[in-house]
Protein chains: 2
Amino acid sequence: MRDRRAERREATRAEILEAAWTQVRSDGLAALSLRDLAAAVGMRPPSLYSYFESKNAIYDAMFAQAAQQFLDDQVFTEAPPSGDPLADLQAGMRSFARFCTDDPARYQLLFQRTIPGFEPSPESFALSAHALERTARRLAEIGITDPADIDLLTALGTGLTDQQISNDPGGDRWLRLVDDAMAMFFHHVSGRPATPAERGPQ
Amino acid sequence: MRDRRAERREATRAEILEAAWTQVRSDGLAALSLRDLAAAVGMRPPSLYSYFESKNAIYDAMFAQAAQQFLDDQVFTEAPPSGDPLADLQAGMRSFARFCTDDPARYQLLFQRTIPGFEPSPESFALSAHALERTARRLAEIGITDPADIDLLTALGTGLTDQQISNDPGGDRWLRLVDDAMAMFFHHVSGRPATPAERGPQ
DNA sequence: GTCTATATTTGGATAGAC
DNA sequence: GTCTATCCAAATATAGAC
């Protein structure tokens, strides 16, 4: 039969995590405070320890949520190849960049390592490693296998994303360069120049 | 005549800043602690306030030092055009990437905004703005004037640098892609494909 | 200029009653 | 499970003696 107590506990954990996301989105990832978090959910700080054994356990649960959302979100790694590798690459990078800019705090937790003393648990890390493997497999399908090319692609992806988040939050100044950047990259690694149509709107 | 007291004061300020750099390089930019800083220079914490009016004033002095070093370091903006725009672009980006990876804490202070509550003073900020203007002027000399192209170039520069710092500290996994990335970019914006020689060593 | 002493705030975490 | 009460550590900053 249903374990109503366990269900209630899970619901409270989820509520605490949701409040934690709200807090880091507004004050920054590093500014998570158990004091404020407890107040947000109507508890006293010690009560949080009934649900998470430490502050880092909360970060770890958030990391796992973010990794799962990344797995669910990335259209690129799920949709079948369209027969147009460049179009697939552009769609995949648009999806990645959108995922990152939609929630900079989530991006920071998942892809940057700025929380002093926090390391994701092996289980949480396995989730994100799985997503990266899936991406590499998909890139291989469209002929991108050289590790140096993949490194260049990741630099482009994080560079566009970081600039967008840091210098034009909420806008699209760098997001709108994604198609052009992917055309540049694709024709560089395949040895052909981009046609004006492929470069996308300027 | 010389003001020996002022000289001594400046020397102590410099000594404090040097200890501060040592601390942030080892523990992270955000981990600067007045307590540890005072201990490192053989003072009690309150004595630091004779030299800097606040912790943010120390960050600001560090920011000004970093901006000045950036101005002094960037070969690209000082050397005369060589007549080979791509070679100039590659040399300039190599210089930028090297400057950033040489001291990640300095890079973080100067180009990222991760210290909660710290904003550089107008005087300090003017130093870094000056450096950016000089770069834009130099890019114009080699024919790069489209703001979208400049945005793409900055995304490449920060992406390569961030990946290098985050994922291969002390190595050259992304640094060695700089020449190739600049060839890719240059020929994309000038409409010609890169020759194998221009792409540099793979 | 430097110190002692202290104020104040904030943080994570624990003990034990209920 | 939640609370009160408390602990401990660390942080920035100020007052005032020397």
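Residue numbers begin at 1 in each chain, while the letters A, B, ... track the order of the sequences.
A cation-pi arrangement is found for B:R106 relative to B:F99, the charged atom lying closer than 6.0 Å to the ring centre and inside a 45° cone about the ring normal.
Look at OH on B:Y49: it is 15 Å from C1' on C:dC3, rounded to the nearest Å. D:dG1 atom P lies 5 Å from atom OH of A:Y51, rounded to whole Å. Computed from coordinates, the B:Y59 OH to D:dA11 P distance equals 11 Å when rounded to whole Å. Between the CZ atom of B:R35 and the P atom of D:dC8 there is a distance of 15 Å, rounded to whole Å. In this structure, CD1 of B:I115 is placed 12 Å from P of D:dT12, rounded to the nearest angstrom. The distance from atom CG of B:N56 to atom C1' of D:dA11 is 13 Å, rounded to the nearest whole Å. Separating the CZ atom of B:R44 from the P atom of D:dG16 is a distance of 21 Å, rounded to the nearest angstrom. A straight line from NZ of A:K55 to C1' of D:dA10 spans 13 Å, rounded to a whole angstrom.
Comparing A:D36 and B:S50 against DNA chain C, the residue whose closest nucleotide sits nearer the 5' end is B:S50.
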Applying ring pair (Phe, Tyr, Trp, His ring centres under 6.0 Å) to A:F111 and A:F96, what does each step give before you reach the verdict? CA-CA 12 Å; A:F111 297 111; A:F96 173 77; 5.7 Å; yes
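Taking the side chain of A:P46 as heavy atoms from C-beta on, and the options C:dG12, C:dA15, D:dT14, the nearest nucleotide is C:dA15. In this structure, the nucleotide among C:dG1, D:dT12, C:dT2 sitting nearest to the side chain of B:R9 is C:dG1.
For the pairing with A:F63, the side-chain contact (heavy atoms from CB on, under 4.5 Å) check across A:I115, A:L110, A:N56 returns one residue only, A:L110.
B:L89 places a side-chain heavy atom less than 4.5 Å from the side chain of B:L153.
Residue B:L32 is classed as a sugar-phosphate contact, given heavy-atom separations below 4.0 Å to backbone atoms only. Residue B:P45 is out of contact with every strand shown, counting any heavy-atom pair closer than 4.0 Å.
Between A:S47 and the phosphate of D:dG1, there is no side-chain N or O to OP1/OP2 separation shorter than 4.0 Å.
Taking the six-membered ring wherever Trp is involved, the centroid distance between the rings of A:F70 and A:Y107 does not fall below 6.0 Å.
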